[in-house]
Structures are given as C-alpha cells and as structure tokens.
Amino acid sequence: PEGSKISYLQESGDGSIIFPFQFQYTCKPLPATYYVVIKKAGRLKQNIHDVNYKGDMKFVLENMPCKTKNGEHSVMVNDVEKWIKISMIDDDPAIQKQKRSVEQHRMSVETVEGELNNVYT
C-alpha cells in the first residue's frame, strides 16, 4: 500500500518475495509464515499546520474469518474495508450531528407536504 513502511514480504519456505501491491491476492493463509522487510527510515514530515493534512492510520486484524457466519460467502478485502469505514462514520460525532439535522429537516418537509395536500384536497 502507498505510504507503507513495509518494503516487501519474503516467504519463509521457498523465499519468494511479495510486494505490497500483491499482499491481498498473493499471501497464503496460516500456517504460512513471512519475513517482513522494512523500508529504510527517512525523515518524518509532519504537516501539523496544514489544514488539509489527513494523516495516516494503519491497523492489523488478526484471525479474520475467511467465510461469513453461515459459510456461504467468502469475506473479501473490500468487505472488511467497507465495514471499517462504516464503523468509523457511525462513531463520528460531527456526522451523527448532521444525520440528526437531516432527519429533522426531512420531518419538516413531510409536515409541509402534508399541509399542502390538505390545502389542495
């Protein structure tokens, strides 16, 4: 992935090398073992004064299931990514405030539409 500190993975068995853009499609499930080769550290550029700086966040999910609970569908990388994004959005106070505002406006519109229907009937 772009911005990753990992240069590549090397499979412990046959020594094959897997680059970051290949991780999600090439890596084998457990019990496969990989050596992680880290990129050389460079100077960290902090943009604390840039209002458009979004930062960087990474986390690792261990022991992820490969199938859904009913076993009918494979869990794909995109599924996990969407789940994480939706969870983050659901917990964001600013977004929750806007959702409440939209709901209040929607109810106001419905009220006005109901009054208009009464006028024209």
Minimal non-hydrogen separation, Phe23 against Ile18, with atom names: CE2-O, 3.3 Å
Tyr35 reachable from Phe19 in the ILVMFWY side-chain graph, under 4.5 Å edges: no
Could you tell me which non-hydrogen atom of Ser7 sits nearest to which non-hydrogen atom of Pro20, and how far apart they are? O-CD, 3.3 Å
Which atom pair, heavy atoms only, marks the closest approach of Ser74 to Lys67? OG-NZ, 3.4 Å
Is the backbone of Thr33 close enough, under 3.5 Å, to the side chain of Ser12 for a donor and an acceptor to pair up by distance? yes
When hydrophobic residues are tied together by side-chain contacts of less than 4.5 Å, even through go-betweens, does Met76 share a cluster with Val80? no
side-chain hydrogen bond (donor to acceptor under 3.5 Å, both in side chains) contacts touching residues 107-116 (sequence neighbours left out): Arg106-Glu110
So, taking the atom named CD in Gln24 and the one named CG in Asn78, what distance separates them when rounded to the nearest 0.5 Å? 7.0 Å
Is Tyr25 linked to Ile17 within one hydrophobic cluster, defined over Ile, Leu, Val, Met, Phe, Trp and Tyr using a side-chain heavy-atom separation of less than 4.5 Å? no
List, by chain and then residue number, the residues other than Ile89 in its hydrophobic cluster (Ile/Leu/Val/Met/Phe/Trp/Tyr, side-chain heavy atoms under 4.5 Å); write none if there are no others. Ile95
Over all heavy atoms of both residues, which pair between Thr26 and Tyr34 is shortest? Give the atoms and the distance, please. O-OH, 4.3 Å
Within residues 76-86 or reaching into it, pairs that qualify as salt bridge (charged side-chain N to carboxylate O under 4.0 Å, His left out) - sequence neighbours excluded: Glu81-Lys85
Check: Glu103 and Lys99 side chains under 4.5 Å, non-hydrogen atoms: no
